[in-house]
Amino acid sequence: MADGDLLCEAARSGDTERTKTLIAAGADVSFFDGDGLTPLMHAAKHGHAAVVKCLLEAGAPWNALSPSSLSAGDFAMDSGHQEAFDLLLNAGIQAELILGTIARRANPGTDPNGDYLEDRVSFSEDKLMDSESKAVMMAWEKPLMEAHAKAVCSGGGHILNIGFGMGLVDTAIQQYAPLTHTIVEAHPEVYDRMLRSGWREKKNVKIILGRWQDVLPQLESYDGIFFDTYGEYYEDMREFHQQLPSLLKPGGIYSFFNGLCGGNAFFHVVYCQLVSLELESLGYSTQLIPLPVKACLGEEVWKGVKHKYWQLDTYYLPVCQSIEDSE
Ligand SMILES: C[S@@+](CC[C@H](N)C(=O)[O-])C[C@H]1O[C@@H](n2cnc3c(N)ncnc32)[C@H](O)[C@@H]1O
């Protein structure tokens, strides 16, 4: 039997001493066995927290995926092994924090969505697609957008939305009759469509064409802010969050489309925690409100769409406010 298989066996049976001995003798902690599982997945699946700990300390990848796209954290979560789950969650957060710092140093200020903004988009009744048949926005999100609008409009006043898309969140925001409603949209075709559908004529609406990064000097401060762009990375949203102290009024509410790692339940938990921690470091508390989405997401929804960007049963709607206000 190969060293890797022996390591999987030790991990499965929760034999910490044997795991340590095999690692010390050079067994590969990244090994995939015949079923496509790693030693860490075996340990997580059976809730052997001490083995999970020693494999992680030896450099076992926390984010390796099984043939059915499950990570060690998914196995721990699905089997209800809290201690193993917590160790993996912590490892994921630490790794992503470090990787983020390295990436920011290596590529400062890279242009995120240049290609998308220059390409054509197409509109249909239930979706907005980019030139590669990837969905920019889909109608199944309507109830989520309504919930986001309700959250950011809860204090009335002046509202800012970044990213018009299909106008779902903006339509919902209008129902709360805010004093002013500012919309920032970067794609020229989406902008043209907004104008053709009468958004310019709405009394309380101010439309700003451009990337939020470029139009910051035109923005003021707001009682409610929603952020939902496309073709950008986590780092861009993180950069937007750095602007919150000047954009969000005291007592204001901020929310964003929480599609972070929407294809994997455990990675999603890691990123929900990561973004909450990063917002906390800026002085904001984040409440994640669970909304079931399974019922509105049948397979037919994704027909003709290249990338299924959401595959989870529950959506966690973030409601962020200054820590001082939430106390
Ligand atoms: C997912 S859609 C928004 C959907 C919208 N929340 C709704 O309810 O229909 C993302 C939108 O953000 C726009 N966008 C992408 N990058 C942007 C940027 N840097 N600044 C402003 N808008 C951007 C896209 O053109 C697209 O219209």
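Note that ligands are numbered from 1 as they come in the structure, with each ligand's atoms numbered from 1 the same way.
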Would you say the side chains of [X] and [Y] form a donor-acceptor pair under 3.5 Å?
X      : Y      : result
Tyr271 : Asn258 : no
Gln311 : Trp302 : no
Glu278 : Tyr284 : no
Asn204 : Gln174 : yes

[X] near ligand 1, heavy-atom distance under 4.0 Å?
X      : value
Gly210 : yes
Gly231 : no
Phe257 : no

N/O of [X] under 3.5 Å from N/O of ligand 1, yes or no?
X      : answer
Thr229 : no
Glu185 : yes
Met166 : yes
Phe226 : no

Worksheet item: Is it the side chain (CB and beyond), the backbone, both or neither of Glu232 that lies under 4.0 Å from ligand 1, heavy atoms counted?
Response: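 Only the side chain of Glu232 comes within reach of ligand 1.
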If you count the atoms of ligand 1 from 1 in the order shown, which ones are under 4.0 Å from a heavy atom of [X]?
X      : result
Phe164 : 4 (C), 5 (C), 7 (C), 9 (O)
Arg211 : 18 (C), 19 (N), 20 (N)
Met145 : 6 (N), 8 (O)
Trp212 : 18 (C), 19 (N), 20 (N), 21 (C)

Item to complete: May I ask you to decide whether Glu299 forms a salt bridge with Lys308, counting only side-chain N to carboxylate O separations under 4.0 Å?
Response: yes
Worksheet entry | Ion pair Lys150/Glu146, N-O distance below 4.0 Å |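 No, this pair does not count.
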Practice prompt. Could you check if a side-chain atom of His241 sits within less than 4.5 angstrom of a side-chain atom of Val275, using non-hydrogen atoms only?
Written response: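 Yes, side chains in contact.
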Selection from [options] by shortest heavy-atom distance to [atom]:
atom                    : options                        : result
atom 11 (C) of ligand 1 : Gly259, Gly163, Ala172, Ala135 : Gly163
atom 15 (C) of ligand 1 : Tyr230, Phe256, Tyr309         : Tyr230
atom 1 (C) of ligand 1  : Ile162, Val169, Val136, Leu168 : Val136

Practice prompt. List in chain and number order the residues that pass salt bridge (charged side-chain N to carboxylate O under 4.0 Å, His left out) with Lys202, two or more places apart in sequence or in another chain; answer none if no residue qualifies.
Written response: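 Once residues adjacent in sequence are excluded, Lys202 has no partner under the salt bridge (charged side-chain N to carboxylate O under 4.0 Å, His left out) criterion.
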Discussion item. Would you compute the distance between atom CZ of Phe85 and atom CZ of Phe75 and round it to the nearest 0.5 angstrom?
Written reply: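 Going from the CZ atom of Phe85 to the CZ atom of Phe75 covers 14.5 Å.
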Fill in: Given Phe256, Phe240, Tyr254, Tyr222, the one that forms ring pair (Phe, Tyr, Trp, His ring centres under 6.0 Å) with Phe227
Phe240
